[in-house]
Amino acid sequence: MSAATTRSRTPDRLCAEAVDLAREAAEEAAHPGVVGEHVSAVAEGDRVVTHFFECKEPGYRGWRWAVTVARASRAKLVTLDETVLLPGPDALQAPEWVPWSERLRPGDMGPGDLLPTEADDLRLEPGYSGEDAPPPNSAVSEEMAERVEAEDAELVSRPGTSRGSIAALAEELGMRRARVLSRYGLHAAADRWDESFGAKTPMAQAAPASCVTCAFLVPLAGSLKQAFGICANEFGPADGRVVSLSYGCGGHSEAAVMPKPPRPAAPVLDTLGADSLPLRPAADSGSVEVAGDEGSEDLGHS
């Protein structure tokens, strides 16, 4: 029998009249003054009725105290069945719980925080298999590893790796990563970077040229270098960020090249130098000779 059919039946008369019994049970579960007015009585089954009371508890707006009473067949004594606090149609409820992996947003991590990754994370794939058994004549076989340890006992292996194992060999070759980015992880990162610094951004739409021809672009390694690079222009809006090759800004290295300042030609007349001029003319510069004091003649003036 469906819940709609059960609640549509007429409540039992004796159970419906047991409002005082239901209120006492609700006040006992809470405390006096919190249980409000009687709201309704709903039939839950044969001789089973639930009474609803308003809840005046702060922080539980719209919630209701639900007290279920019942009586046995052919009995007039109504007994208490259950008391519980339930949300009403307009109740204030906490939001649905969301896992931390879905609540996390870029920039939420701080110093000391740890971000675990799931074992089956779609963004990652195995980088190497440390459980593969090498051939007996292989350089990383157990027999060869024991021989190396016996002949070179002074060498100490790094913690967590045994000499002659695949992990040790991978570490020596620079591949000491248990997992690497999968194709899905690469595509997810590319979509994220292209959304922030891609061809569809307003900055790229107004740019005079794209980053693929910019001298400030530092190319990446691997497969991502075909579509992305790192901006090295300290005055650009994406300095130190991964940008798409189709991105662009006004700081393009060839957008507005400033010419060298013109160098003036040497002047025909020297208008910059200074000529030294005497304050008084030299004694021998005139047409009349000037005698000295010793050779002066008496002109006969009294």
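- Using modelled atom types and a 3.5 Å distance limit, the side chains of Glu82 and Thr68 yield no donor-acceptor pair.
- Residues Val212 and Tyr247 are members of one and the same hydrophobic cluster, defined by side-chain heavy-atom contacts under 4.5 angstrom among Ile, Leu, Val, Met, Phe, Trp and Tyr.
- Judged by distance alone, with hydrogens and angles left aside, the side-chain atoms of Ser182 form a donor-acceptor pair with the main-chain N or O of Leu122 at under 3.5 Å.
- For the atom pair CG (Asp46) and OG (Ser73), the distance works out to 9.0 Å, reported to the nearest 0.5 Å.
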Report the C-alpha distance between Phe52 and Trp65 in whole Å, list the side-chain angles of each, state the deciding distance to 0.1 Å, and finish with yes or no for side-chain contact (heavy atoms from CB on, under 4.5 Å).
-> CA-CA 6 Å; Phe52 291 95; Trp65 285 101; over 6 Å; no

Give the intermediate values and the outcome of side-chain contact (heavy atoms from CB on, under 4.5 Å) for residues Val69 and Asp81.
-> CA-CA 5 Å; Val69 295; Asp81 189 7; 5.9 Å; no

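- Taking the ring axis of Phe197 as reference, the NZ or CZ atom of Arg241 does not stay both within 45° of it and closer than 6.0 Å to the ring centre.
- Here CZ of Phe235 is found 9.0 Å from CZ of Phe216. Values are rounded to the nearest 0.5 Å.
- Rounded to the nearest 0.5 Å, atoms CD (Glu28) and OG1 (Thr83) are 8.0 Å apart.
- Residue Leu124 is not grouped with residue Tyr184 when hydrophobic side chains (ILVMFWY) are merged at heavy-atom distances under 4.5 angstrom, including chains of intermediate members.
- Here the shortest heavy-atom pairing between Pro11 and Ala16 reads CB-CB, 4.3 Å.
- Thr79 places a side-chain N or O within 3.5 Å of a backbone atom of Ala70 that can act as its donor or acceptor partner.
- If you chain together hydrophobic residues whose side chains sit under 4.5 Å apart, Val39 and Val35 never meet in one group.
- In this structure, Trp63 contributes its side chain and Leu92 its backbone to a donor-acceptor pair below 3.5 Å.
- Here the closest non-hydrogen pair linking Ala232 and Asp239 is C-OD1, 3.7 Å.
- In this structure a side-chain-to-backbone donor-acceptor pair under 3.5 Å is present from His252 to Ser210.
- Within the 4.5 Å cutoff, the side chain of Leu80 has heavy atoms near those of the Val67 side chain.
- In the hydrophobic clustering of this structure, Phe228 groups with Ile230; members are Ile, Leu, Val, Met, Phe, Trp, Tyr whose side-chain heavy atoms approach within less than 4.5 Å, directly or through other members.
- Within the 3.5 Å criterion, the main-chain N or O of Gly198 finds no donor-acceptor partner in the side chain of Ser244.
- Applying the 6.0 Å contact sphere to CD of Gln205 captures more than 12 heavy atoms from other residues, nucleotides or ligands.
- Cys15 contributes atom SG, which lies 9.5 Å from atom CG of Leu21 (distance to the nearest 0.5 angstrom).
- Heavy atoms only, all atoms of each residue included: Ala41 and Val49 are closest at CB-CG1, 3.9 Å.
- For the residue pair His51/Ser40, the side-chain donor-acceptor check at 3.5 Å is not satisfied.
- When the side chains of ILVMFWY residues are joined at heavy-atom separations under 4.5 Å, either directly or via intervening members, Leu186 and Leu245 end up in two distinct hydrophobic clusters.
- The heavy-atom pair separating Pro208 from Cys249 by the smallest distance is CD-O, 3.6 Å.
- Within the model, atoms NE2 of His38 and CZ of Arg64 stand 10.5 Å from one another, a figure rounded to the nearest 0.5 Å.
- Residues Ala66 and Thr50 approach most closely at CB-CG2, 3.9 Å, considering heavy atoms.
- Tested against Asp12, the residues Glu17, Glu44, Arg47 include a single side chain to side chain contact (heavy atoms under 4.5 Å, CB included) partner, Arg47.
- Residue Ser246 holds its OG atom at 6.0 Å from CG of Asp194, rounded to the nearest 0.5 Å.
- Judged by distance alone, the side chain of Asp191 and the main-chain N or O of Ala188 form no donor-acceptor pair under 3.5 Å.
- Using a distance-only test at 3.5 Å, with no hydrogens or angles considered, no donor-acceptor pair links the side chain of Arg23 to the main chain of Phe53.
- Of all the heavy atoms in Cys231 and Ala238, the pair that sits closest is CB-O, 3.1 Å.
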